[in-house]
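Before any comments, here is the structure.
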Amino acid sequence: MAVNALAIPEIGPLVSDGLSRSPRSLPPKLFYDAAGSALFDRITELPEYYLTRTERAILQSHAPEMIATAGKALEVVELGAGSASKTDILLDAVLRRQLRCRYCPIDVSPEALALAEKRLRAALPALRVRPVVADYTNGLVLPSRNGHRRLALYLGSSIGNFDPADAIAVLRKLRRHMRSGDALLLGTDLAKSKSVLLPAYDDAQGVTAAFNKNMLVRLNRELGANFDLDRFRHVAVWNARESRIEMHLESTARRTVTIPAIGLTVEFERGERIHTENSYKYTAAAVDAMLGESGFRRERTWSDERGWFAVHLARA
Ligand code: AVJ
């Protein structure tokens with residue numbers, strides 16, 4: 001079972017802050033309760049959501065080279081591991097070069113971590129899995145290093161949920177848990193045509209809409225809110241100036257919502273939106289700047305033929 005952890009903060013203050021702002025917002029970390037993590041896993045299998053399968057293909061083609069570049073005698077930590085479905089490829093490559101390997105997946109979802117742990121223990125018996133239930137944006141709690149070189153994994157373009165300043169803050173916190181010479185494998189989605197980007201965040205089956213609305217389901221259940229799910233619409237937009245996809249929940253009617261647990265009443269205008277997520281899409285220059293300002297240097301990049309996604313090895 002998952003160990004220790006840095007406390008996962010109460011959702012009340014986050015919700016209260018976000019919904020009192022103008023424009024209103026809710027932080028994307030609220031997506032990932034058990035239901036949200038399961039919905040995200042379904043998103044990764046959608047035909048429109050190219051990110052996961054493209055990154056997986058890049059890892060499948062280049063994992064041995066990535067691991068050899070990272071170095072010898074590795075221990076692996078993974079930020080936002082979720083169900084860690086792509087990590088096997090890398091861990092398998094590590095275990096071809098060393099007898100054992102410690103692996104610390106960090107995630108806010110204990111359910112997702114438990115699944116990952118079970119699968120990995122069966123698939124890779126030489127792996128020492130040490131899951132950590134934590135919100136890595138509040139700082140990191142890691143078992144002390146065991147004399148090995150640390151390889152940090154931050155895959156899936158999860159970094160893209162943060163605006164440029166916050167992304168640098170997250171990477172700097174990570175850097176403080178690394179020594180110079182340690183390695184980071186960072187997955188980033190790349191800027192591309194809106195005709196590819198938008199369907200990835202507004203799929204035909206409506207799974208992304210359900211994922212977005214799950215935030216309101218959660219507020220209803222956990223905070224006693226009375227959001228009417230039929231009166232909020234999933235909206236995805238491409239913000240070219242900021243190079244990001246934005247997701248919003250738009251109120252289709254003028255409406256008052258009460259959230260008893262935090263003593264909040266919110267009046268929504270018709271058409272008013274709650275901003276729930278940014279998903280930044282990068283250029284090579286943007287990645288270099290972000291890594292450089294966080295105490296890393298990009299050493300290698302692997303991409304797919306279409307240039308849709310990239311995995312970078314950066315050195316602390
Ligand atoms: C897990 C943050 C990488 O931004 O693509 C999927 C989350 N949001 N569909 C992304 C997400 C809508 C995803 N990340």
Side-chain angles (χ1 to χ4, degrees), residues 25-56 58-59 78-87 105-109 112-113 116 135-137 153-164 166-167 170-171 185-194 196-218 232-239 242-250 273-282 286-287 290 304 308-312:
S25 63
L26 287 168
K29 65 172 118 180
L30 294 182
F31 285 133
Y32 300 97
D33 64 353
S37 295
L39 282 165
F40 178 69
D41 283 345
R42 281 181 60 199
I43 288 176
T44 64
E45 287 166 14
L46 292 169
E48 297 95 335
Y49 196 77
Y50 61 87
L51 287 81
T52 311
R53 80 175 60 83
T54 307
E55 186 179 47
R56 180 177 287 111
I58 296 169
L59 297 178
E78 181 168 15
L79 306 193
S83 58
S85 78
K86 290 161 288 174
T87 315
I106 307 171
D107 203 87
V108 289
S109 168
L113 281 178
D135 176 358
Y136 62 80
T137 60
L153 307 179
Y154 197 13
L155 301 175
S157 209
S158 300
I159 189 70
N161 271 180
F162 299 101
D163 68 34
D166 288 347
V170 166
L171 291 174
L185 270 179
L186 178 71
T188 60
D189 197 14
L190 302 177
K192 63 183 65 63
S193 160
K194 185 176 160 175
V196 176
L197 286 168
L198 275 177
Y201 291 84
D202 194 5
D203 63 281
Q205 291 172 59
V207 182
T208 308
F211 174 74
N212 199 5
K213 284 189 185 188
N214 178 57
M215 226 186 258
L216 303 182
V217 175
R218 189 172 177 186
F232 281 86
R233 187 170 83 82
H234 166 68
V235 178
V237 296
W238 169 239
N239 180 336
E242 304 284 354
S243 195
R244 69 189 192 202
I245 289 279
E246 299 175 1
M247 296 208 312
H248 302 263
L249 289 163
E250 183 178 297
R273 290 175 176 181
I274 308 171
H275 187 172
T276 51
E277 185 178 53
N278 289 321
S279 191
Y280 282 84
K281 307 303 170 190
Y282 298 90
V287 171
M290 172 167 73
D304 54 295
W308 281 7
F309 199 95
V311 178
H312 315 275

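Just follow the structure's listing: the first ligand is 1, and inside any ligand the first atom is 1.
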Original post:
Of the protein's non-hydrogen atoms, which lies at the shortest distance from atom 8 (N) of ligand 1, and what is that distance?
Top reply: Glu277 OE1, 2.6 Å
Original post:
When you measure from atom 3 (C) of ligand 1 to every protein heavy atom, which one gives the shortest distance, and what is it?
Top reply: Gly156 O, 2.9 Å
If you count the atoms of ligand 1 from 1 in the order shown, which ones are under 4.0 Å from a heavy atom of [X]?
| X | answer |
| --- | --- |
| Tyr32 | 1 (C), 7 (C) |
| Ser157 | 3 (C) |
| Tyr49 | 3 (C), 5 (O), 6 (C), 9 (N), 10 (C), 13 (C) |
| Ser279 | 4 (O), 5 (O), 10 (C) |
| Asn161 | 2 (C), 4 (O) |

Original post:
Do Phe211 and Phe31 have their ring centres less than 6.0 Å from each other?
Top reply: yes
**OP:** Taking only Lys NZ, Arg NE, NH1 and NH2, and the carboxylate oxygens of Asp or Glu, determine whether Arg53 and Glu55 approach each other closer than 4.0 Å.
**Re:** no
Subject >> Proximity of Phe31 to ligand 1 by residue part, where a heavy atom lies under 4.0 Å >> reply: neither
Original post:
Just one of Arg233, Glu277, His234 clears the side-chain hydrogen bond (donor to acceptor under 3.5 Å, both in side chains) bar with Asn212, so which one?
Top reply: His234
Quick one: are [X] and [Y] in side-chain contact, heavy atoms under 4.5 Å?
| X | Y | value |
| --- | --- | --- |
| Tyr280 | Asp163 | yes |
| Leu153 | Thr87 | yes |
| Ile245 | Asn239 | no |

